[in-house]
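Structure first, then comments.
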Amino acid sequence: MIIILCHNLRSGGAQKVSINTYLSLKKKKIKSKLIIINSYGELLKTLNKKDPDIIYFNFSRVRYFFFKLIKISNLNKDFVIFSMIREINLLLGVCKFLRLISNKIVGREANPINNWEKINIFKRTVYKFLLYFAYNSFDKLIFNSNFTKNSIYRFIHIH
C-alpha cells in the first residue's frame with residue numbers, strides 16, 4: 001500500500017515519474033493513492049479524473065499542505081509514503097522527525113546540491129539543518145545518480 005505525493009502536474013521529470021509509478025502500481029493491482037498537492041499543469045489530462053485513488057488539492061505551496069499531510073498519514077498508517085520532490089521530502093522528513101507521522105517514508109532525490117556557497121549563510125544553514133533531519137528520518141532514500149548522491153552526502157551526513 002503506497003501513497004505517492006506529487007506537487008503539481010506540470011510536465012517535469014518528477015511529476016512524470018510520480019504518475020508513471022502510480023499507474024504502474026495500479027496496473028499490478030497494488031493498492032496505491034496519488035495525492036496531488038496543486039492540481040494544475042498539462043499532465044492533468046493524462047489522469048482519469050474519476051479515479052477514486054487520486055486526490056486533488058489546490059495548495060499553492062507545499063508548506064501549506066502540512067496539516068493535511070498529517071491528517072492523511074494518520075488515516076492511512078499502513079501506507080508507505082513515497083515522495084519524488086525535495087520540498088515534499090523536507091516536509092515529510094520534518095513531520096517524521098517530530099513524530100507527527102509514523103508511516104514508512106521513501107524519498108527520491110534527483111537534484112544535486114550545487115552552488116550552495118553562493119546562498120546567504122543564514123538560509124544555507126537553515127536549509128542544511130532541515131535537510132539533515134529530514135533525510136535522516138527517511139526509511140529509504142533513492143538517488144537518480146551517484147553524482148546526486150555524492151553531492152547530498154557532501155552537503156549533509158546521511159546515516
Side-chain angles (χ1 to χ4, degrees), residues 1-113 123 126-145 148-149 152 156 158-159:
M1 299 181 290
I2 299 173
I3 293 175
I4 300 169
L5 296 177
C6 184
H7 179 244
N8 58 50
L9 294 171
R10 293 186 305 190
S11 61
Q15 292 85 348
K16 288 178 184 175
V17 172
S18 297
I19 291 169
N20 290 341
T21 302
Y22 171 74
L23 295 174
S24 179
L25 291 169
K26 292 291 276 190
K27 189 175 183 178
K28 293 179 180 184
K29 307 259 189 261
I30 297 171
K31 188 173 181 179
S32 56
K33 295 179 182 185
L34 177 63
I35 297 176
I36 300 162
I37 296 170
N38 190 322
S39 57
Y40 72 89
E42 51 276 0
L43 295 175
L44 184 60
K45 64 185 176 217
T46 65
L47 297 172
N48 177 357
K49 292 183 183 179
K50 294 181 180 180
D51 185 336
D53 292 321
I54 301 176
I55 303 166
Y56 301 92
F57 291 102
N58 282 309
F59 291 99
S60 60
R61 296 194 165 261
V62 171
R63 66 178 171 243
Y64 302 147
F65 185 65
F66 178 80
F67 293 108
K68 190 58 80 172
L69 172 64
I70 294 167
K71 183 177 181 182
I72 289 168
S73 67
N74 286 325
L75 292 173
N76 299 283
K77 289 184 186 254
D78 295 338
F79 280 75
V80 173
I81 300 176
F82 191 21
S83 167
M84 315 242 183
I85 296 176
R86 188 178 292 159
E87 287 75 19
I88 300 173
N89 289 347
L90 285 171
L91 182 63
L92 277 170
V94 168
C95 288
K96 178 101 177 194
F97 176 76
L98 295 174
R99 294 184 175 29
L100 299 172
I101 61 176
S102 60
N103 305 66
K104 290 194 180 285
I105 299 175
V106 177
R108 172 183 169 264
E109 181 56 69
N111 296 309
I113 304 245
K123 286 183 183 179
V126 169
Y127 195 76
K128 192 173 188 175
F129 177 80
L130 289 174
L131 206 59
Y132 172 82
F133 285 106
Y135 282 174
N136 279 303
S137 68
F138 276 30
D139 295 283
K140 297 287 181 194
L141 190 55
I142 300 167
F143 296 98
N144 69 334
S145 70
T148 299
K149 177 181 162 186
I152 298 289
I156 59 169
I158 299 175
H159 302 294

State whether the side chain of [X] and the backbone N or O of [Y] hold a donor-acceptor pair below 3.5 Å, judged by distance alone.
| X | Y | answer |
| --- | --- | --- |
| Glu87 | Val62 | no |
| Ser39 | Ile36 | no |
| Ser18 | Ala14 | yes |

Sub-4.5 Å side-chain heavy-atom contact between [X] and [Y]:
| X | Y | result |
| --- | --- | --- |
| Ile19 | Leu47 | yes |
| Asn8 | Ile37 | no |
| Asn111 | Arg86 | yes |
| Thr21 | Met84 | yes |
| Tyr22 | Asp51 | yes |
| Leu131 | Ile113 | yes |
| Val106 | Ile81 | no |
| Leu141 | Ile158 | yes |

Where is the tightest heavy-atom contact between [X] and [Y], given as atom of each residue plus distance?
| X | Y | result |
| --- | --- | --- |
| Leu43 | Ser11 | CD1-CA, 3.8 Å |
| Leu69 | Leu5 | CD1-CD1, 4.0 Å |
| Cys95 | Ile70 | SG-CG1, 4.2 Å |
| Asn144 | Ala110 | ND2-O, 3.3 Å |
| Lys26 | Asp53 | NZ-OD2, 2.5 Å |
| Ile72 | Ile35 | CG2-CD1, 3.6 Å |

Assess, by modelled atom type and distance only, whether the side chains of Lys77 and Asn103 contain a donor and an acceptor separated by less than 3.5 Å.
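Checked: Lys77/Asn103 side chains show no N/O donor-acceptor pair below 3.5 Å.
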
Regarding Tyr64 and Asn38, is there a side-chain donor-to-acceptor distance under 3.5 Å anywhere?
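No, Asn38 and Tyr64 have no side-chain donor paired with an acceptor closer than 3.5 Å.
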
With sequence neighbours left out, which residue pairs that include part of residues 39-61 fulfil the ring-ring contact (aromatic ring centres under 6.0 Å, His included) condition?
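Of all non-adjacent pairs touching residues 39-61, those that pass ring-ring contact (aromatic ring centres under 6.0 Å, His included) are Phe57-Phe59, Phe57-Phe65, Phe59-Phe65.
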
Going from [atom1] on [X] to [atom2] on [Y], what distance comes out if it is rounded to the nearest 0.5 angstrom?
| X | Y | atom1 | atom2 | value |
| --- | --- | --- | --- | --- |
| Ile156 | Leu130 | CD1 | CG | 10.5 Å |
| Ile55 | Lys33 | CD1 | NZ | 5.0 Å |
| Lys104 | Met1 | NZ | CE | 12.5 Å |
| Asn48 | Leu34 | CG | CG | 12.0 Å |
| Ser83 | Leu91 | OG | CG | 9.0 Å |

According to side-chain hydrogen bond (donor to acceptor under 3.5 Å, both in side chains), does anything in residues 134-143 pair up with another residue at least two apart or in another chain? List the pairs.
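Output for this query lists Asn89-Tyr135, Lys96-Asp139, Glu109-Tyr135.
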
By ring-ring contact (aromatic ring centres under 6.0 Å, His included), which residues pair with Phe79, not counting sequence neighbours?
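Listed in chain order: nothing, the list is empty.
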
